[in-house]
Amino acid sequence: MRLSRYFLPVLRETPAEAQIASHQLMLRAGMLRQEAAGIYAWLPLGLRVLKKIEHIVREEMDRAGAIELLMPTLQLADLWRESGRYDAYGAEMLRISDRHQRELLFGPTNEEMITEIFRAYVHSYKELPKNLYHIQWKFRDELRPRFGVMRGREFLMKDAYSFDLDEEAGRASYNRMFVAYLRAFSRMGLKAIPMQAESGPIGGELSHEFIVLASTGESAVYLDRRLLDFEVPHARIEYGGDLGEAVRNWTGLYAATEDVHDPERYERLTAPADRLTARGIEVGQTFFFGDKYSVPMKATVTGADGAERPVQMGSYGIGISRLVGAIIEASHDDEGIIWPEPVAPFGVGIINLRPGEEAVDGACENAYDALDRAGFEPLLDDTEGRPGGKFATMDLIGLPWQLIIGPRGLADGVVELKRRAGGLRETLSLEAALERLTRGKY
Ligand code: 5CA
């Protein structure tokens, strides 16, 4: 992409309405625009990051055996009356009526709809287990939308729903999602710690929140700090096998959100030196709630013995749009964002210090072509403008690498390569810089 043809409305000043770094930086870097309280337009740079996160989540869901579909944002009120949640959900639900005065709602979550789809088609234990997911916009009329995408009213969620014949198989499905979550967050450069949590309006006894520690997080958490050094399961982990041990390993040390925190147990299980009280951002939550929806909604399957029984269910959410903010909270400095490579909107920024000068333009074009071919997704700053402003913009938008090409360097046969994380700069020939960047990528 050439910056002269792109749409990157960066702001020099920090907008007064933004209180935390991620919100400020998303506005300044031209990623996001507020259209109403808690409702945002995703500008091109922001959308690229959102898509990268979506892609990682999709890959890990698919690897764990979940199957993607797409449900609508609007749902019938009558569906929610079946489960009893239409009245229970309260003011957070956006209720709408159509021209026929039929009552609809903008979905805050999809347990009812997925149960309705499941019961229409699946009737035998032979078709289980099943795990269906989608990535779709949700609406919750939050009392206090704040911190930009962290607590929005309209937000993008990945939500998966598992269906099993009995509780044991249901817990195995839960474990598969648990492992997939550890992997997905780690691929985004995050340390997300699973913590015991309250299940709230979704329901059930067994629930974990996946929490990224950050001083600006909304939840208070209590944990054993040794969890921060735990390894996440490898991509080759056998999802068909027993994942109980991996999950027991990760849940063996104390970690709980304030809603379920038990000080007595915490102190009994955790040595004083290992205790860590912190704040955190909830980037995902998993629930196992058995037959909470399948009984009232009559989602039953026939077992091997011919008897009909309600299916055992769990649901598993990831805050895709919230993750963009969470990653920035975890990775920025005074100059701007520092994207972990797998979620960076572009892999490298090429800065042309003298557009219009033939040798510089030529070198930039060569670099652009080579990096583009290598799948690096370069962003070439070919705009008129002072070097200081260009450097500031590149630092602000946080691409992992900067390749700086100017007339003086070229006269000596060199360019500059800068790593955004750490700020290390090297002066070397263009060929060596390209070789360095693309090594292992060709
Ligand atoms: N049905 C279940 C799981 S599929 C569910 O709705 N779970 S949830 O309520 O925990 O939401 C899942 C994830 O969405 C949360 O972990 C959080 O990361 C994200 N999320 C929830 N509310 C908001 C919000 N107002 N703004 C941004 N992200 C949110």
Side-chain angles (χ1 to χ4, degrees), residues 20 22-23 26 32 34 36-40 42 50 53-54 57 61 66 68-69 71 73 75 80 83 85 89-94 106-115 131-163 173-174 177-178 180-181 184-185 188 190 192-204 206-212 214 217-219 221 257 259 280-289 292-293 313-327 329:
I20 62 171
S22 58
H23 190 196
M26 285 181 78
L32 195 69
Q34 182 172 312
I39 301 179
Y40 294 92
W42 288 79
L50 196 68
I53 293 173
E54 221 183 280
V57 169
M61 286 295 112
E68 187 171 7
L69 47 54
M71 292 177 268
T73 53
Q75 308 186 20
W80 283 62
S83 70
R85 280 208 297 181
Y89 216 91
E92 260 190 30
M93 180 183 276
L94 180 63
F106 196 120
T109 176
N110 283 65
E111 279 80 6
E112 283 79 359
M113 189 175 281
I114 199 74
T115 305
N131 183 327
L132 300 169
Y133 77 97
H134 73 162
I135 298 177
Q136 178 62 292
W137 293 92
K138 304 291 188 290
F139 194 93
R140 293 182 185 173
D141 204 351
E142 301 275 354
L143 190 56
R144 266 185 288 280
R146 57 182 191 156
F147 298 162
V149 298
M150 291 290 194
R151 183 160 296 279
R153 292 199 296 163
E154 191 184 34
F155 59 97
L156 189 59
M157 192 200 287
K158 183 287 302 178
D159 38 326
Y161 302 88
S162 64
F163 301 89
S173 289
Y174 185 92
M177 287 294 101
F178 190 102
Y181 275 33
F185 297 130
M188 296 168 203
L190 292 174
I193 311 290
M195 306 201 186
Q196 270 183 29
E198 202 159 60
S199 60
I202 308 294
L206 173 62
S207 182
H208 289 93
E209 283 182 15
F210 286 71
I211 303 262
V212 175
E218 290 192 292
S219 330
V221 295
T257 62
D259 303 331
I281 303 165
E282 176 204 324
V283 289
Q285 188 165 1
T286 50
F287 303 83
F288 181 68
F289 42 70
K292 174 175 170 176
Y293 299 88
M313 292 175 59
S315 75
Y316 315 91
I318 289 184
I320 305 272
S321 48
R322 177 179 286 184
L323 272 165
V324 180
I327 293 168
E329 284 300 320

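No hydrogens, no waters, no symmetry mates; every other heavy atom, side chains included, goes into these values. Both counts, for ligands and for their atoms, begin at 1 and track the order of listing.
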For [atom], which of the options [options] provides the nearest non-hydrogen atom?
atom	options	result
atom 24 (C) of ligand 1	Phe155, Phe147, Tyr161, Tyr133	Phe155
atom 19 (C) of ligand 1	Pro108, Gly284, Gly319	Gly319
atom 9 (O) of ligand 1	Arg144, Arg140, Met157	Arg140
atom 4 (S) of ligand 1	Asp141, Asn110, Asp159	Asp159

Check this for me: does any side-chain nitrogen of one of [X] and [Y] sit under 4.0 Å from a carboxylate oxygen of the other?
X	Y	value
Glu54	Lys158	no
Glu142	Arg153	no
Arg85	Glu111	yes

Next on the checklist: Can you confirm whether or not the ring centre of Phe155 sits under 6.0 Å from the ring centre of Trp137?
Outcome noted: no
Next on the checklist: Can you confirm whether or not the ring centre of Phe210 sits under 6.0 Å from the ring centre of Phe178?
Outcome noted: yes
With heavy atoms under 4.0 Å as the rule, classify the contact between [X] and ligand 1 as side chain, backbone, both or neither.
X	result
Val149	backbone
Glu111	side chain
Glu209	neither
Phe287	side chain
Gln285	both

Item to check | Nearest protein heavy atom with distance in Å, relative to atom 17 (C) of ligand 1 | outcome: Arg322 NH1, 3.6 Å
Checklist outcome for this item: atom 18 (O) of ligand 1: closest protein heavy atom, distance to 0.1 Å, is Glu282 O, 3.0 Å
So, [X] side chain and [Y] main chain: donor-acceptor pair closer than 3.5 Å or not?
X	Y	answer
Arg322	Val283	no
Ser321	Leu156	yes
Ser199	Gly204	yes

Item to check | Polar atom proximity, Tyr316 to ligand 1 (N or O, under 3.5 Å) | outcome: no
Item to check | Polar atom proximity, Gly152 to ligand 1 (N or O, under 3.5 Å) | outcome: yes
Checklist entry - Which of the atoms of ligand 1 are close to Thr109, meaning less than 4.0 Å from one of its heavy atoms? => result 1 (N), 2 (C), 6 (O)
Next on the checklist: Within the 4.0 Å heavy-atom shell around Val283, which atoms of ligand 1 are there?
Outcome noted: 16 (O), 18 (O)
Next on the checklist: side chain to side chain contact (heavy atoms under 4.5 Å, CB included), that's the test. Do Phe139 and Met93 meet it? Break it down for me.
Outcome noted: CA-CA 7 Å; Phe139 194 93; Met93 180 183 276; over 6 Å; no
Checklist entry - Once the angle between the rings of Phe289 and Phe287 is folded into 0 to 90°, is it parallel (under 30°), tilted (30 to 60°) or perpendicular (over 60°)? => result tilted
Next on the checklist: Heavy-atom contact check, 4.0 Å cutoff: does Met150 meet ligand 1?
Outcome noted: yes
